[in-house]
Amino acid sequence: MLHKILLCIPFVIPTAAAGDRPNIVFVYADDHAERAVGAYGSPLTKTPHIDALAAEGVRFRNSFVANSICGPARATVLTGLHSHANGKKHNGGGFKDELPTWAKLLQASGYQTAMIGKWHIGPKPSGFDHWAIAKGGYYGPTMVTAEGKTKTAGYTTEVITQASLDWIKSSLEADEPFAIWINHAASHRTWMPGPQYHDRYAEQVLPEPSSLFDDYAGRSPGAAASQMRIARDLFGAYDLKLPPEEGEVLGKRGNDLLNSMTETQRSAWEAAYGPRNAAFAKAGLEGDALVRWKYQRYIRDYLRCVDALDDSLGQVRSFLKDNGLADNTIVIYSSDQGFFLGEHGWYDKRWMYEPSMRTPLIIHDPRAKSQGIVVDQLVQNIDMAPTILEYAGLEVPSSMHGASLASLAEEKQGPDWRTSIYYHYQQRDSGRTSHTVAPHYGVRTKQHKLIHVYDFDAWELYDLEGDPDEMHNLFGTEGAGEITATLVRELQRLREKFQDGTGKAI
Ligand code: CA
């Protein structure tokens, strides 16, 4: 099968004339949860530029990932395949670089292609005429290209944005359309805001999720075993930007992040965080009050990083408008996965629970007739490659697991659109600085979710209509037998359909 597909690549024939093909700008955030997107009803913030994109385009209300972690999500988006099939099952190696991807297919059909920002897939990017991988933290990233490395001194979100606009500008010299994957590193840990964002939210007390003090009762032992609690697993210097104590875990790494700033950036940082840290030291908080303080610091910093993402999108769209490109450029905004913003007491992702499994997805096709469409169907990041291919007028390889969303975006619901989605997280890690989330797979329908945390041989079942916060595990409870049996059968069917023999059998 694989050889057949590869042989096909040089013979890809666009179905539309080159001049008619739209440009594609795919803006991909890192760990940007739906709950921090205004258009998704965020109780925390507004994201004016992302919200405008949704108002003018299509918002997918039920958008999910197949494996909620950075590297695997990117590999899935590129190949249209679940992790076991593209090889990138965890953040380690394994990516099957020989697979067809939307980038390779667009490139072969004459598109000018680029990838700028976070990569995290493994082998050097293929299918891109130009690539620049941002390495480092929120400040002073090193940009690695095929030509070499360049150290920069800016704020990473802005460095990635500027490099992307520079490339788009250079691509305009040729007649062929362009497709760029703008791959942000925000709003990933350690949530360090840029200088102009330091004071945002400083005077606000942001609302807490109702499960901030979750005790994990009734859930699989895997939930309580996860090391991503705001109360316990955020590190002082590294995550919370407090002065490191002697011998503190990740204290040196926290310091290194501060040292990546220029002198001017560092003094702006100290001016903002110094007095706040002094007030914190003076307050001597303990117990729940300390957890609440950590939540506020975490979430404020997270939102400040989100604000930079939003501004970046605004800048990109202004550029498109100013250069006469807005009418023929499809803009997609999504994130590699969601993130826990205090739900279940957590930060981070990995779990199949909603805050992590959901991811924002907004598509604006300026050629579309309707605006402000909201799509309810269950879509997943396996659909991204087929969608980009269809927008580029290319055939979608039958080997891809996903399906193009273009028809849903035009409100033409296919009669056979999926009614369930498959999920499999399978990174295994251990140690104080890792998150130790147990591997698990499961199935989600519109109403229910069944999770098999197989290392613990434990199951969880949720009725998402009655219990959207997933606090009440119904597995094994009275009256849940029939729906459990139905979902187990569906899970089995999906594992067979996608030929996922990895993880413990049901
Ligand atoms: Ca991520």
Side-chain angles (χ1 to χ4, degrees), residues 26-37 40 47 50 63-79 82-83 86 88-95 115-122 125 133-138 141 156-157 160 181-192 226-228 233-234 238-239 257 298-299 301-306 308-310 312-313 332-343 346-362 380-382 384 423-427 429 433-437 439:
F26 176 19
V27 181
Y28 201 52
D30 193 353
D31 297 0
H32 188 186
E34 282 186 359
R35 200 160 162 273
V37 180
Y40 281 84
T47 40
I50 301 172
S63 159
F64 302 93
V65 297
N67 180 1
S68 182
I69 189 160
C70 305
R74 283 165 173 72
T76 287
V77 151
L78 205 51
T79 61
H82 279 278
S83 304
N86 68 47
K88 187 89 183 163
K89 294 181 284 188
H90 44 70
N91 271 339
F95 181 62
M115 191 301 297
I116 295 182
K118 178 165 172 168
W119 178 237
H120 214 307
I121 289 178
I133 301 173
K135 300 238 178 190
Y138 276 91
T156 301
T157 305
I160 290 170
W181 193 7
I182 305 178
N183 239 320
H184 284 292
S187 46
H188 194 277
R189 193 184 189 186
T190 58
W191 322 292
M192 294 175 77
S226 303
Q227 293 187 154
M228 39 198 224
D233 303 317
L234 284 175
Y238 188 60
D239 293 310
L257 291 173
Y298 157 54
I299 216 73
D301 282 343
Y302 179 92
L303 295 176
R304 290 162 181 152
C305 295
V306 165
L309 283 174
D310 189 60
S312 166
L313 179 67
I332 303 171
Y333 186 87
S334 192
S335 171
D336 62 346
Q337 6 71 206
F339 213 65
F340 293 102
L341 301 180
E343 300 93 341
W346 288 333
Y347 66 98
D348 215 74
K349 54 256 183 178
R350 299 156 199 269
W351 272 105
M352 197 185 162
Y353 300 127
E354 293 287 277
S356 152
M357 186 188 189
R358 283 184 170 275
T359 200
L361 174 60
I362 296 164
Q380 199 169 20
N381 56 351
I382 53 172
M384 189 56 69
Y423 180 93
H424 194 172
Y425 172 81
Q426 47 186 324
Q427 177 151 321
D429 51 24
T433 57
S434 64
H435 299 294
T436 64
V437 169

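Counting starts at 1 for both ligands and their atoms, in listed order. For clarity, every value in this text was computed on a predicted model and none was experimentally measured.
Tyr302 places no side-chain N or O within donor-acceptor distance of the main-chain N or O of Arg189, the cut-off being under 3.5 Å. Under the 3.5 Å distance criterion, the side-chain polar atoms of Lys89 are left unmatched by any main-chain donor or acceptor of Gly93. Listed for the Thr359 side chain is a donor-acceptor partner under 3.5 Å among the backbone atoms of Ser335.
At a cut-off of 3.0 Å, Gln337 coordinates the Ca ion (ligand 1) through an N, O or S atom. Here Cys70 reaches the Ca ion (ligand 1): one of its N/O/S atoms is less than 3.0 Å from the metal.
The atom of Asp336 that is an N, O or S and sits closest to the Ca ion (ligand 1) is OD2. Looking only at N/O/S atoms, Asp30 comes nearest to the Ca ion (ligand 1) through OD1. Shortest distance from the Ca ion (ligand 1) to Asp31 is reached at OD1 (N/O/S atoms only).
Side-chain N/O atoms of Trp351 and Ser226 include a donor and acceptor closer than 3.5 Å.
Here Phe95 and His120 keep their ring centres 6.0 angstrom or further from each other.
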